[in-house]
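Worth saying up front: this structure is predicted, and the values here are computed from it rather than measured. Atoms within a ligand are numbered from 1 in the order they appear, just like the ligands themselves.
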Amino acid sequence: MAIFPARAAGLAADPNSTNAIMTDIPKEKHVFQAEIRQLLDLVVHSLYTDKEIFLRELISNASDAMEKLRHLEATEKAVHDPGLPLEIHLTTDEDGKTLTIADHGVGMTREELVAHLGTIAHSGTKAFLQAAKESGGSPAGLIGQFGVGFYSAFMVAERVEVFTRSWRPDGEELVWTSDGEGGYEVGEAPGQTRGVKVVLHLKEDQLEYAKEYRVKQLVETYSNFVGFPIFLNGKRINEVEALWLKNKADITEEQYKAFYQFAGKAFDDPAYRLHFSADAPITINALVFAPSENPERMGFGKVDGGVALYCKKVLIDADPKGLLPEWLRFMKGVVDSADLPLNISRETMQDSALVRKLNSVISKRIIRMFEKESADDPEKFRGFYRKFERFFKEGVVTDHANRDALAKLLRYESSLTDPGALCGLADYVSRAKEGQEEIYWLGGPNREALDSSPYLEAFRARGLEVLYFMDVVDEYVADSLREFEGKKLVSIRHAGVEMADHEAEGEALDAARTEALCAFLKDELGDKVTTVASGKRLVDSPVIALVPTDAMSPQMRQMMKAMDENFKDEVKVELEINPRHPLVKKLAAASESDPDLAKLVARQVFDNALISAGLLEDARDTITRMNQLMERALG
Ligand code: ADP
Ligand code: MG
């Protein structure tokens, strides 16, 4: 081992001596996992913009590693090289064409080098790849949404070396090297202190990153308030701040945004922010943000929680289970509570009464924040809601403690709103008619279909507002919400909705003939209907099919069918006829003069009602019958 210069354990880069080491030590060769190769290919060949974010990624990794270390120290595990300063050191070398990022964090063992830098474990990186595939391999702009972590180093470097020594007592002193093409090598590198030192051998056209002023500029833009001191060529260049512990008045919008992006590993602007402290029932300093983009909307499945838990500035857990209700997983930021024991483990977290208390206080504050923001700027909230509504709905179904508060955040179009505009349940209630005990809703695929639905006629005629449920989950949400401010949520497709009498226009069939027609129809339709009656529901349509209160909506049926091909659900409907409609009057006459034709028409009218109700399963008979009817109509 004497051939190696006895290098100081210092953090400054010494690329020449590292090269010497590289050539003399036996190295294990590895190939990258296929996904990493794809990713690198994109990173190296297709990403021309935003290259500079690599530095933020590497600094964020250094910071993460030291957060972990600090936690290990606090929980009194024996760590290698205790007492090393938790600092990030950046070193530029214009002549050597390198930039070095070094930390004294947890470091990596041999296995960890392979697992962390050779395979994709990181969901953001997977999401990036997926989106890149879907965008047809042109990921420009995507990096602005995802970031690609460590691999972004290859945007600016033709070769990357990672020197490391793990915190574990039995760790080795190692170096990982790659040119970002097919694979990487892992070899021994004696002389490492605990932590990681990343040496970037810059590409010829990226030499700006070996210049001190340029690197300083980047740190100021992206990483200024990282929770550890950052040194550039030996000089301290950042202020360490736990922003969440500072006074609101002393924080600028830019600082908030930078904090959001750093702490949340985000690239968008925050849409909303909540910064508060409380002493009772538990000490809390929280700074949390709602993002402006919803990654789950792009089909990547559930995101991980983004609110980290600290105790007096020491990170306890970056994604603590139970800190927030599951539906709030889109929020990002930090919750710090001085009351927590540092050694609370991931496993016991969810059972901790303290964590439950935090959960209750914070989730209520967040909901109140949304409520206030939506009142202050409804337009902005509408835009936000359109992207994040599924989270709120999930909350109504799953978060019982917050259900009623959350229901106030739900927004819908309705028969009284302009297309595209949204109203809340509270708006609905404030507009409800005197004595109206129910909140009416109707489900359907889109506004056009709902606007022209026969179910709406009676409600429109009486000036009653009907909420439009156009999201497949709305009905499910209404089922679990049941009521709002004492008013039951009721589907207007259902039978048994009570309604005030309404002065209708036009002459109606008399009672005796109406009754005879109802009997004729019931006779003809048999088991398919429970009853046939004349009703109050219709203004312009001849008949309507009302479904039992416990029947599924067409949307729900479709979902069930999609999940189970054998799904069968026989719905018997109530048929309501409109005794003022010309077709109904003519049908009454025909039932006496030409019963055969009347039977054909009866069946057809019934099928039409089923179509409107979204209940017609098989249209073959309908079409045959329609053809017969047309033949007769044409003589
Ligand atoms: P992420 O940071 O989101 O997990 P990265 O691609 O940036 O994804 O990093 C991958 C993994 O490599 C990290 O999760 C970590 O385990 C390891 N790693 C990267 N940089 C360091 C470092 N400076 N110290 C210790 N481990 C690191
Ligand atoms: Mg990272």
Show the atoms of ligand 1 that are less than 4.0 angstrom away from any heavy atom in [X].
X: Ala65; value: 22 (C), 24 (N), 25 (C)
X: Val196; value: 22 (C), 23 (N), 24 (N), 25 (C)
X: Leu117; value: 12 (O)
X: Asp103; value: 22 (C), 23 (N)

Any chance the rings of [X] and [Y] have centres within less than 6.0 Å?
X: Tyr272; Y: Phe289; answer: no
X: Phe54; Y: Tyr151; answer: no
X: Trp176; Y: Tyr184; answer: yes
X: Phe150; Y: His116; answer: no

Examine the proximity of ligand 1 to Val198 and report which part, side chain or backbone, both or neither, has a heavy atom under 4.0 Å away.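 Val198 to ligand 1: no contact under 4.0 Å from either part.
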Would you say Ser60 reaches the Mg ion (ligand 2) with an N/O/S atom under 2.8 Å?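 No, since none of the N, O or S atoms of Ser60 sits under 2.8 Å from the Mg ion (ligand 2).
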Ion pair [X]/[Y], N-O distance below 4.0 Å:
X: Glu87; Y: Arg236; answer: no
X: Lys302; Y: Glu326; answer: yes
X: Lys203; Y: Glu158; answer: no

Which is closest to atom 18 (N) of ligand 1 in terms of heavy atoms, Glu57, Glu112, Met108, His116?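 Among Glu57, Glu112, Met108, His116, the closest heavy atom to atom 18 (N) of ligand 1 comes from Met108.
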Option of least heavy-atom distance to atom 7 (O) of ligand 1 (set: Val162, Leu113, Thr164, Asn61):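 Minimum heavy-atom distance to atom 7 (O) of ligand 1 goes to Asn61.
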If we only count N/O pairs under 3.5 Å, is Phe150 in contact with ligand 1?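 Min N/O separation from ligand 1 is below 3.5 Å for Phe150.
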